[in-house]
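Before any comments, here is the structure.
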Amino acid sequence: MKKTERATEIHARLSRRYPEPEPALHWSDPWQLLVATALSAQCTDERVNKVTPIFFEKWPTIADAAGADVMEVEEVVRSTGFFRNKARNIKAAATRIMEVYSGEVPRSMAELITLGGVARKTASIVLANAFGINEGIAVDTHVKRLAFRMGLTAKTDPVQIEKDLMPLYPREQWGDINHYLVFFGREVCPARKPKCDICELNDICPKKGVK
DNA sequence: CTCCCGATAT
DNA sequence: ATATCAGGAG
C-alpha cells in the first residue's frame, strides 16, 4: 500500500472511531487553551487538568497572569514538571499579549511563536481548536510515534515530520489528524505496550508486531 | 546536543 | 530503577 493511500485510510478509520474530536485538555477560551497546552509539555493532560482550574481561579484573565508573582505561579504549576520554565513562560507570554497584542491571543503562527515557550506544536493546537485555523499539524510525542509506526515518516525531528505529514492531508483535516493520532496513540498504540491484537489499523500497519 | 523536572506506569 | 507523559530553548 502506498503512503498516500495509507494516510487517507488512517484518517477515514479514525474519524469513525472519533466522530467529534475535542481536546482532552479543559479550557474555555484561547488563553486558557494556550496555558493548558504550554503546561502539557512532558506531562499527562490529566495532571494539567488538575492544575488549570486552580491557575484560572487565581489569575482569571491574561492581565492577571501578566501581573502574577512568578514564585506563586511556580507553586501552582509545580506538579506538571519543568515548573520554573513554565511559570516564567506563561507570565512572559501574558505580558507580551497585553503589551503587543492588545490583550488578545494572536491568531497566526508567526505571531504565536513570538510568545516565550510557544513553538509550532502549541501554536497549532491553539489555532486549530480555539480559532478553527489550520496553519500547521501539531507534532507531539504521540503524533511523532504514530507517524513513524504507521510509515508516514522516517524522520525524528518534529519540524521535518510535520513537513512529511502536511502534503498527505488536505488542510481542513490538519487539526483532526493530530487529534486522531494523539487519542489513538494513547488508547491503542502507546509507547511501551502497543495493543496490536485489538488494533483496527493492524492490517495497514508496516510495523505491526514490532516495537 | 543538553537542560529543564514532577508524577505515574511498568 | 527506568521509561514516558499533548515540548521548548540555549
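For the numbers below, each heavy atom of this structure counts, side chains included, while hydrogens, waters and symmetry mates do not. Just so it is clear, the structure is predicted and the values come from calculations on it, not from any experiment. Letters go in sequence order (proteins before strands), and every chain restarts at 1.
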### Query
Quick one: is Thr141(A) getting a side-chain N or O under 4.0 Å of the dC5(C) phosphate, OP1 or OP2?
yes
### Task
Check whether any side-chain N or O of Arg88(A) sits under 4.0 Å from OP1 or OP2 of dC4(B), and answer yes or no.
no
## Note on the structure
From the candidates dC5(B), dC5(C), dG6(B), the one with an atom nearest any side-chain atom of Ala191(A) is dC5(C)
### Query
Would Ile133(A) and Ile177(A) show up in the same hydrophobic cluster when neighbours are defined by side-chain heavy atoms closer than 4.5 Å?
no
### Message
Measure CD/Glu74(A) against C1'/dC5(B) and give the value in whole Å, please.
### Response
12 Å
### Task
Inspect the contact between Asp164(A) and Lys3(A) and indicate whether a charged nitrogen and a carboxylate oxygen are less than 4.0 angstrom apart.
no
### Task
Quick one: label Ala24(A) by what it contacts on the DNA or RNA (base, sugar-phosphate, nothing), any heavy atom closer than 4.0 Å.
base
### Task
Tell me which nucleotide among dC5(C), dT4(C), dG7(C) gets nearest to the side chain of Arg145(A).
dC5(C)
### Query
Taking the nucleotide of DNA chain B with the closest heavy atom to each, which residue, Cys43(A) or Lys193(A), is nearer the 5' end?
Cys43(A)
### Task
Compare side-chain N and O positions of Arg47(A) against OP1 and OP2 of dC5(C) and report whether any pair is under 4.0 Å apart.
no
### Task
Kindly say if Arg186(A) contacts the phosphate of dA6(C), meaning a side-chain N or O under 4.0 Å from OP1 or OP2.
yes
#### Entry: Integer-rounded Å distance: dA6(C) P and Leu146(A) CG
12 Å
### Task
Compare side-chain N and O positions of Thr122(A) against OP1 and OP2 of dG8(C) and report whether any pair is under 4.0 Å apart.
yes
### Message
Taking any heavy-atom pair under 4.0 Å as a contact, classify Pro190(A): base, sugar-phosphate, or nothing.
### Response
nothing
### Query
Atom CD of Gln42(A) to atom C1' of dA7(B): distance rounded to whole Å?
12 Å
### Message
I want to verify a distance call: between dA9(B), dA9(C), dA6(C), whose nearest atom is closest to the Lys121(A) side chain?
### Response
dA6(C)
### Task
For the residue pair His179(A) and Tyr18(A), categorise the inter-ring angle as parallel (less than 30°), tilted (30 to 60°) or perpendicular (more than 60°).
perpendicular
### Query
Taking CG from Leu39(A) and P from dA7(B), how many angstroms apart are they, rounded to a whole number?
14 Å
### Task
Would you classify Val48(A) as touching base, sugar-phosphate or nothing, given that sugar-phosphate means primed atoms plus P, OP1 and OP2, and contacts are heavy atoms under 4.0 Å?
nothing
### Task
To the nearest Å, give me how far apart CG (Asp157(A)) and P (dC1(B)) are.
11 Å
### Query
Salt-bridged, Glu111(A) to Arg107(A), with N to O below 4.0 Å?
no
### Query
For atom P, what is the distance between dC4(B) and dA1(C), given to the nearest Å?
22 Å
### Message
Judged by each residue's nearest nucleotide on DNA chain C, which is more toward the 5′ side, Glu46(A) or Gly117(A)?
### Response
Glu46(A)
## Note on the structure
Among dC4(B), dA6(C), dT10(B), the one nearest any side-chain atom of Asn85(A) is dC4(B)
### Task
Assign Phe83(A) to base, sugar-phosphate, or nothing according to its heavy-atom contacts below 4.0 angstrom with the strands shown.
sugar-phosphate
## Note on the structure
Lys86(A) atom NZ is separated from dA7(B) atom P, nearest whole Å, by 11 Å
### Whole angstrom value for the distance that separates P of dG7(C) from CG of Asp140(A)
5 Å
### Summary
Rounded to whole Å, the CG-P distance (Asn89(A) to dC5(B)) equals 10 Å
### Message
Less than 4.5 Å apart, side chain to side chain, heavy atoms only: is that true for Ile125(A) and Leu25(A)?
### Response
no
### Pi stacking test for Phe82(A) and dC5(B): under 5.5 Å apart, planes under 30°
no
### Query
Do the charged groups of Glu187(A) and Arg17(A) touch, with an N to O distance under 4.0 Å?
yes
### Task
Under 4.0 Å between any heavy atoms, over every strand shown, what does Asn178(A) touch: base, sugar-phosphate, or nothing? Just pick one.
base
### Message
Using atom C1' in both nucleotides, what's the gap between dC5(C) and dC5(B) to the nearest angstrom?
### Response
12 Å
### Message
Working to the nearest 0.5 angstrom, can you tell me the gap between Glu75(A) CD and Asp69(A) CG?
### Response
9.0 Å
